[in-house]
There are 2 protein chains.
Amino acid sequence: MSDRNDIDALIEMMARLPGLGPRSARRAVLHMIRKRALLLQPLADQMARVAQTARECLNCGNIGTSDICAICASEKRATGLICVVEDVADLWAMERAAVFKGRYHVLGGTLSALDGVGPDDLRIPALLTRIETEAVTEVILALNATVDGMTTAHYIADQLEGRVTLTSLAQGVPIGGELDYLDDGTITAALNARKPV
Amino acid sequence: MSDRNDIDALIEMMARLPGLGPRSARRAVLHMIRKRALLLQPLADQMARVAQTARECLNCGNIGTSDICAICASEKRATGLICVVEDVADLWAMERAAVFKGRYHVLGGTLSALDGVGPDDLRIPALLTRIETEAVTEVILALNATVDGMTTAHYIADQLEGRVTLTSLAQGVPIGGELDYLDDGTITAALNARKPV
Ligand SMILES: [Zn+2]
Ligand SMILES: [Zn+2]
């Protein structure tokens with residue numbers, strides 16, 4: 001149907017988003033078209049705004065709307081205490097628990113021999129630099145309890161041994177579990193019961 | 001985090017789409033931000049385009065980009081044969097099967113005593129008008145095999161009895177099943193084996 005090209009193109013773009021497929025993309029697009037004044041146009045505007053303003057924090061790798069994110073810029077967040085996470089989604093999950101008052105460092109993934117990901121492919125060199133420049137005394141390794149997550153934690157622990165107090169989230173993180181799937185209470189418990197590595 | 005307001009607003013809007021929730025919206029937004037030049041900006045542009053151009057066909061209720069949709073406007077589609085569906089998604093599912101060569105009529109829902117949906121809340125009066133103006137000889141009732149779908153089919157059959165040949169999709173549509181979930185082959189089989197009501 002020739003007059004559906006624009007709509008089909010939108011469905012195809014939506015279907016490529018994680019968690020969506022062709023069917024859910026069709027449903028979502030039909031829903032948005034039915035509410036195009038209230039939903040589709042505002043969503044388009046908001047996406048355009050975020051496309052223009054979103055950026056990675058130059059310090060920690062968080063995603064926000066300034067070169068230095070609100071957490072790194074805040075005077076209320078403890079300096080000297082860094083929580084290392086794999087992904088921005090994990091940082092956001094920690095923030096939803098609202099229990100951690102230090103700063104973060106987003107690695108952007110995990111070491112992986114299989115996928116050829118080495119320390120320099122992650123933000124590990126930047127982490128080592130921050131240990132010095134920010135006079136860090138404690139690093140909390142909040143990596144996912146997967147094989148690659150644990151390998152990465154061990155690697156970072158080796159690099160930092162003797163330079164800072166190293167802890168990791170302990171109680172509550174299930175084997176094989178990923179932070180972003182956990183409820184806030186579990187994250188709080190795991191943080192409060194953190195143990196030395 | 002004050003600098004995440006724009007991003008949080010986008011996540012909230014995405015989370016309200018059918019099939020998405022807060023978690024999948026966060027994942028989708030993070031994914032789009034990482035590929036903002038290649039994905040977020042083009043998606044915003046496409047949404048804005050569709051918000052401007054999408055409209056309901058004045059004749060059949062299909063969604064396209066002109067006042068009369070490509071199917072209603074096509075000289076290749078048989079006049080005199082109308083397939084009645086509940087929803088635009090069902091029409092699109094029929095079109096993917098590419099077996100029906102007539103025209104459609106989208107009711108926009110089903111009769112429902114519980115929800116207070118009567119014939120005038122659907123496009124049933126417009127269907128009755130089309131029977132005359134388009135000299136329709138056969139109406140295929142392709143409604144979902146739900147209680148409300150069957151109630152609606154019976155109501156329309158009563159209205160049209162003696163005026164047109166009435167058929168319904170038969171073989172292949174499972175009890176309680178919805179058209180939009182079916183594969184193309186099932187829809188083709190159901191259409192080919194259609195039986196008089
Ligand atoms: Zn930062
Ligand atoms: Zn039409």
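Letters go in sequence order (proteins before strands), and every chain restarts at 1. These figures come from a predicted structure and were not determined experimentally.
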(message) When you group the ILVMFWY residues by side-chain heavy-atom contacts below 4.5 Å and let the links chain together, are A:M150 and A:V117 in the same group?
(response) no
(message) Using modelled atom types and a 3.5 Å cut-off, is there a donor and acceptor pairing between side-chain atoms of B:R27 and backbone atoms of A:G19?
(response) no
(message) To the nearest 0.5 Å, what is the distance between CG on A:D45 and CG on B:L10?
(response) 11.5 Å
(message) Any heavy-atom pair between the side chains of A:I33 and B:V88 that's under 4.5 Å?
(response) no
(message) Within the 4.5 Å heavy-atom criterion, are A:Q52 and B:R36 side-chain neighbours or not?
(response) no
(request) Would you mind checking which part of A:R55 comes under 4.5 Å of any heavy atom in chain B, side chain (CB onward), backbone (N, CA, C, O), both or neither? (result) both
(message) Restricting to non-hydrogen atoms, name the atom on A:I7 and the atom on B:A54 that form the minimum distance, rounded to 0.1 Å.
(response) CD1-CB, 4.4 Å
(message) When you group the ILVMFWY residues by side-chain heavy-atom contacts below 4.5 Å and let the links chain together, are B:L111 and B:V147 in the same group?
(response) no
(request) Starting at CE of A:M14, measure out to CG of B:L17 and round the result to the nearest 0.5 Å. (result) 5.5 Å
(message) Looking at chain A, which one of B:S74, B:A28, B:A37, B:A25 has the largest number of heavy-atom pairs inside 4.5 Å, strictly under?
(response) B:A28
(message) Looking only at heavy atoms and a cut-off of under 4.5 Å, which of A:H31, A:K35, A:E56, A:R49 has the most pairs with chain B?
(response) A:H31
(message) So B:T65 and A:N5, do their side chains get closer than 4.5 Å, heavy atoms only?
(response) no
(request) Quick one: pull up CH2 in A:W92 and CG in B:D8 and give me the separation to the nearest 0.5 Å. (result) 7.0 Å
(message) Can you tell me how far apart CE (A:M13) and CE (B:M47) are? Round to the nearest 0.5 Å.
(response) 8.5 Å
(request) Heavy-atom pairs under 4.5 Å with chain B are the metric here; pick the option from A:S24, A:A44, A:A89 that has the most. (result) A:A44
(message) Donor-acceptor pair, distance only, cut-off 3.5 Å: does the side chain of B:Q46 make one with the backbone of A:A9?
(response) no
(request) Grab the two heavy atoms, one from A:Q41 and one from B:A48, that are nearest each other, plus how far apart they are. (result) OE1-O, 3.9 Å
(request) With a 4.5 angstrom heavy-atom cut-off, could you sort out which part of A:D87 is near chain B: side chain, backbone, both or neither? (result) side chain
